[in-house]
Each structure stands twice: as structure tokens, then as C-alpha cells.
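Each remark here refers to the structure printed beneath this line.
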2 protein chains.
Amino acid sequence: MNDKQLPDIELLFELADLFKVFGDSTRLRIMVLISDSELSVSDIAEALKMEQSTISHQLRVLRQNKLVRVRRDGKQMYYALDDDHVKKIIEMGMDHILE
Amino acid sequence: MNDKQLPDIELLFELADLFKVFGDSTRLRIMVLISDSELSVSDIAEALKMEQSTISHQLRVLRQNKLVRVRRDGKQMYYALDDDHVKKIIEMGMDHILE
DNA sequence: TTAACATATGAACAGATATACATATGTTCA
DNA sequence: TGAACATATGTATATCTGTTCATATGTTAA
């Protein structure tokens, strides 16, 4: 008997979409940047030397996938990683690369 | 003092490339398919109801990223997941999706 | 060697996506 | 209220990528 179930196709499509989010270096750099402490959009843009709108667009993708959480403080929006889950996924990937 | 080092940019580009590989549903389905037992190219093509050449192209991507290993047996090539690392990455992603 | 089969590869095309520019929305403070 | 600032969003575009068709490469068995 085989009681191991293959994930159904729908779920695998969702999973692919999730990994797509990790599959862009700008988004990865953002995630690593805010993994320890929250940062504002302009902080991130400055750190990565990229346009504010570019960062904002990518943060939206991260938000939509529940990978970050946001907090408003006055005019600024502070972003941080949503949970340690995300960190673990990144670490697993690193482990693979580093053999 | 902060002895936690940020991964350098080069490494993050590599990491993004790795996640890109996971970010396609066809490749994910292949990986899940061969996670328990090795299968030939035509087995996979049949299971996914896709062209042989499509599968072959994607298997090459998986090979290049050292995510699968191959074994020739006569005319057939048998593919299997390279290590449990890969399974773990997929499982972590699943966990995130399933909240 | 040749036919039949399994897999790999090259080229072309369609669809997806990251970025930049311009501008809108939202917030503070005078 | 209005000016200044921070962020979000719409649009356009250049680049990337997955799939297919056609064909090449490699293997077996006669």
C-alpha cells in the first residue's frame, strides 16, 4: 500500500508561484535586507541603489504572497519579513548552493 | 557587534537562479514525480501528458542545477531527485502555502 | 550496417515579467 | 488649507522563458 499522496496539480501551481517570488534577485535582496530589522521603502531603495518605484512594485509582490508585513509610521511604511518560514526557505536554498 | 554577515550579492544572484528552477510548475511536477522512484523521460512525458522534448528541455535545466541525477539503461535515461535537500525545499514551500 | 526507438538539441514564437518614468494617493506640519 | 515628502500605481518596453516542431545523437537488435 502506498499512503503517500502526491500533491495535486493545483497545489503545485500555487507552489510554483511561490517559488517564482523567490526567483528574483531584487526580491531576494529585499528579503535578506529586512530579515533582521524592518526598513522603510526609501531605506531599501537606497541600500539597493534602485528606483523607489521598482522597490515598491516588488514589495507589493512580496505582500501579495504574505512574505512580508507592513507597518505605517507617519509618512513611511516599514517592511519586515513575515515569519521565520521565509528565512528557512532561503537558508535551505543557500545550503544547496554551498553544497 | 554584529557578526551576522549578509550574503554577498553574487550569492544572492545564484540563489535567485536556483529558486527560478523551482518556480515552474512543469519542473515542480517532474521533481515530485521522481522524488520516490526514478522514471524514464517517456514515463514522465506520459504522466504529465506533455511533449517528450518539453520534458527533455526541462530535465536539462534540472540537471544543470544539480537537482536530479541520471542513469542510462539501454536506450532509456532514468531520472531521480539528486538528494533529500530538494525534497526539503519543496516541503518548506508547501508548509508556507498551507499556512 | 540498417531500422527502430529513446532522448537531446536548435530555432522560432508567444506569453510573462522586471524596470523605469510619470503621476496619483496619502500623511505631516506649518 | 497647501506645500513637502513618502509610497503606490499605471503604462510602456526590453528581456527572459516555456513550449513546440523539426531534427540530430545515441543505443539496441536483427
Side-chain angles (χ1 to χ4, degrees), chain A residues 9 12-34 37-82, chain B residues 9 12-34 37-82:
Chain A
I9 297 187
L12 287 178
F13 272 89
E14 263 188 76
L15 190 55
D17 284 341
L18 176 68
F19 283 125
K20 260 181 210 134
V21 179
F22 286 82
D24 174 79
S25 58
T26 299
R27 285 190 294 263
L28 263 188
R29 292 174 75 197
I30 292 175
M31 287 191 265
V32 169
L33 255 184
I34 63 178
S37 54
E38 57 180 18
L39 289 177
S40 72
V41 178
S42 49
D43 287 342
I44 299 170
E46 193 175 357
L48 302 189
K49 300 191 201 310
M50 298 181 85
E51 292 293 322
Q52 172 268 322
S53 81
T54 301
I55 303 302
S56 209
H57 276 296
Q58 298 299 6
L59 284 170
R60 175 162 61 161
V61 175
L62 295 174
R63 249 186 290 126
Q64 286 169 336
N65 286 273
K66 299 188 198 308
L67 299 176
V68 298
R69 53 186 161 71
V70 209
R71 179 178 70 83
R72 180 181 277 284
D73 181 14
K75 284 176 278 193
Q76 337 228 1
M77 300 291 261
Y78 285 92
Y79 284 84
L81 276 200
D82 193 38
Chain B
I9 298 187
L12 287 178
F13 272 89
E14 263 187 76
L15 190 55
D17 284 340
L18 177 68
F19 282 127
K20 260 181 210 134
V21 180
F22 286 83
D24 174 78
S25 58
T26 299
R27 285 189 294 263
L28 265 187
R29 292 174 75 197
I30 293 175
M31 288 191 265
V32 169
L33 254 185
I34 63 178
S37 54
E38 58 180 17
L39 288 176
S40 72
V41 178
S42 48
D43 286 341
I44 299 171
E46 193 175 358
L48 302 189
K49 299 190 202 311
M50 297 181 84
E51 293 291 325
Q52 173 268 322
S53 81
T54 303
I55 303 301
S56 209
H57 276 299
Q58 298 299 6
L59 283 170
R60 174 162 62 161
V61 176
L62 295 174
R63 249 186 292 126
Q64 285 169 336
N65 286 274
K66 300 189 199 305
L67 299 177
V68 297
R69 52 186 161 72
V70 210
R71 177 178 71 83
R72 179 182 279 283
D73 180 14
K75 284 177 277 194
Q76 336 230 358
M77 299 290 262
Y78 285 91
Y79 283 84
L81 275 200
D82 193 38

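Lettering of chains follows the sequences in order, A, B, ..., and the numbering in each one begins at 1.
Heavy atoms of A:Tyr78 sit nowhere under 4.0 angstrom from any nucleic acid atom. Heavy atoms of B:Ser56 sit under 4.0 angstrom from at least one base atom. B:Ser53 comes within 4.0 angstrom of a base, heavy atoms only.
When rounded to the nearest whole Å, the span between CZ of A:Arg72 and C1' of C:dT28 equals 11 Å.
Counting only distance, with no hydrogens or angles, the side chain of B:Asp24 and the backbone of B:Thr26 share a donor-acceptor pair below 3.5 Å. Checked by atom type and distance alone, the side chain of A:Arg27 pairs as donor or acceptor with a backbone atom of A:Lys20 at under 3.5 Å.
Phosphate contact (OP1/OP2 of D:dA6, side-chain N/O of A:Tyr79, threshold under 4.0 Å): absent. Contact annotation: A:Thr54 reaches the phosphate of C:dA20 (side-chain N/O to OP1 or OP2, under 4.0 Å). Dashed line: the shortest gap from a side-chain N or O of A:Arg27 to OP1 or OP2 of C:dA18 is under 4.0 Å. Regarding contacts with the backbone of C:dT7, every side-chain N or O of B:Arg60 stays at 4.0 angstrom or more from both OP1 and OP2. In this structure, B:Gln58 reaches the D:dT19 phosphate: one of its side-chain N or O atoms is under 4.0 Å from OP1 or OP2.
Side chain of A:Glu51, nearest nucleotide from C:dC21, D:dA6, C:dA6: C:dC21.
The base of D:dA8 is paired with the side chain of A:Gln52 by a donor and an acceptor separated by under 3.5 Å. Side chain B:His57 to base D:dT17: no donor-acceptor pair is found below 3.5 Å.
Applying the side chain to side chain contact (heavy atoms under 4.5 Å, CB included) test between B:Val68 and each of B:Asp82, B:Ile34, B:Ile30 identifies B:Ile34 as the sole match.
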